[in-house]
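Structure first, then comments.
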Protein chains: 2
Amino acid sequence: MEVQEIIQAMSNKGMRITEQRKTLARLFVDHEGYLTPKEVYEAMVQTYAGMSFDTVYRNLRVLQEMDIVEQFMFEDGIKFRLRCHTDEHHHHFICLECERTIPFHYCPMDHVQQYPEGFKPVKHKFDIYGYCETCQSGQSRQAAAR
Amino acid sequence: MEVQEIIQAMSNKGMRITEQRKTLARLFVDHEGYLTPKEVYEAMVQTYAGMSFDTVYRNLRVLQEMDIVEQFMFEDGIKFRLRCHTDEHHHHFICLECERTIPFHYCPMDHVQQYPEGFKPVKHKFDIYGYCETCQSGQSRQAAAR
DNA sequence: TTCCCTGCAAACATTTTGCAGCACT
DNA sequence: AGTGCTGCAAAATGTTTGCAGGGAA
C-alpha cells in the first residue's frame, strides 16, 4: 500500500490531510512490522517537535476505523501495522526480533476434525513466531535498528 | 487442580497462607475460564471488604511465577486462569462468552511444510474461539452470570 | 469562512512501589 | 519473635476527553 492511497482514502472520507497524517501514513508504509503507539510517537516527534500523544492515539484510531491499519495484542501490549492488502484468508509468520510479518495461506481449521460436544467455532488464531532471515544472519542488525 | 494443592505448593515455598490467598486459590479452582485482575478484585472484595488492588496484583504475580496460573493477552487486556495440568503440547477451544477453555491435542505445526527463506520458527499460537454448548443452549445463562 | 485537527491540560484506568502495622509460622 | 503479607498512599504508565486556537478545504 502506498502513502498516496492512504491519503486519498482519508481525503475521500472528507478528512483533512495534515502534515502529521502524511508522516504517519509514511511511517506505516515504510515499516514492515508492528508499531506501538509509543514508537509511533517517538518517530513522529522527531519531525514535529510539538507532537502530542493524543494526536497519535486519535489518528491510530482513525486509521483503524478506516481499516487501513490493524491492531494486534502482543504480550507486551497493543501494536499496529498496515492491514494486509489481500482479502484471502491467511495467517502469519511473525519475527520476534523485528516483528516483520510474512503471510501464508495454509489454514489448520481444515484439519480440525473434532469439536467438543456442541462447540460452535467462530474464529481462530494461528501465528508462527520465530526469527526471520535478516534477524538471524545480520547479528547486530537488530541492535542497529534500535 | 485442588485448592489444597495450591496452598500446599505455596506453603512448600515458605510462603504464608493467608485467608486472602486461600480465597484466591478457591476462586481460580472454581472458575473454569479466565479472570481479569479487576474481576478477581471484585470477587475478593465481597469477602474481604478492605481488600486492595495491589494485593490482587501481587498475588497474581506470585501464582504466575509459581506456574499455578497463566497469563493470556486478550483483545481487551490481560486475563489469568489456572495453568493446564498436563505437560503435553496442546491448544485450546475458548468460549467467547464464558471464556471456558477446552484443550485439544491436534497441532498444526506438523502440517506446515514451507517456511519463508531462512525463517526459524520458535513458537506458535493456535486457538479456536467459539461458543461452548452451555453458552449456546442456555440462552440467558450468560446474562444471568453477569 | 467553516469546521476538522491539533496541542494542552486534565481526567481516567491500570499497574507498580514504599512504607508501617499486622498476621502467619 | 521474626519476617512476610496487607492496606494505604502515591507514583508511574497508558489511554481518553474537553477545550480553545490554528490550519485544511
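Every chain is numbered from 1 and lettered A, B, ... according to where its sequence line falls, protein lines coming before strand lines.
Residue A:Gln20 has no polar side-chain atom (N or O) positioned under 4.0 Å from OP1 or OP2 of D:dG23. Listed pair A:Arg61 / D:dT15 fails the phosphate criterion, with no side-chain N or O lying under 4.0 Å from OP1 or OP2. Considering only side-chain N and O atoms, A:Ser52 lies nowhere under 4.0 angstrom from the phosphate OP1 or OP2 of C:dT6. Distances shown here put every side-chain N or O of B:Arg58 at or beyond 4.0 Å from the OP1 or OP2 atom of D:dT6. Between D:dT15 and A:Tyr57, a contact under 4.0 Å exists linking OP1 or OP2 to a side-chain N or O.
Checked against a 6.0 Å centroid threshold, the rings of B:Tyr106 and B:His111 count as neighbours. Ring centers of A:Tyr34 and A:Phe74: under 6.0 Å apart, within the cut-off. Taking the six-membered ring for Trp, A:His91 and B:His124 have ring centres at least 6.0 Å apart. Between B:Phe93 and A:Tyr115, the distance from one ring center to the other falls under 6.0 angstrom.
Per the geometry, NZ belonging to A:Lys13 stands 19 Å off C1' belonging to C:dC3, to the nearest Å. Note: CD (A:Glu19) to C1' (C:dC5) measures 13 Å, nearest angstrom. If you take CD of A:Gln64 and P of D:dT15, they are 12 Å apart, rounded to a whole angstrom. Rounded to an integer number of Å, the gap from A:Lys38 NZ to D:dA12 P is 14 Å. Remark: C1' of C:dT16 and CD of B:Glu65 are 14 Å apart, rounded to the nearest angstrom. Between the CG atom of A:Asn59 and the P atom of C:dG7 there is a distance of 9 Å, given to the nearest Å. Atom NZ of A:Lys79 and atom P of D:dT15 are 12 Å apart (whole Å). Distance CZ (B:Phe74) to P (C:dT14): 17 Å, rounded to an integer number of Å.
Crowding of A:Arg83 atom CZ: a count of heavy atoms from other residues, nucleotides or ligands under 6.0 Å exceeding 12.
Among C:dT15, D:dA25, C:dC24, the nucleotide with an atom closest to any side-chain atom of B:Ile17 is C:dC24.
Taking for each of B:Met15 and B:Phe53 the nucleotide of DNA chain C with the nearest heavy atom, the 5'-most of the two is the partner of B:Phe53. Each of B:Arg16 and A:Arg16 has a nearest nucleotide on DNA chain D; the 5'-most of these lies closest to B:Arg16.
In this structure, B:Thr18 reaches the sugar-phosphate backbone alone: every heavy-atom distance under 4.0 Å involves primed, P, OP1 or OP2 atoms, never a base. Base contact: B:Asp54 has a heavy atom under 4.0 Å from a base atom.
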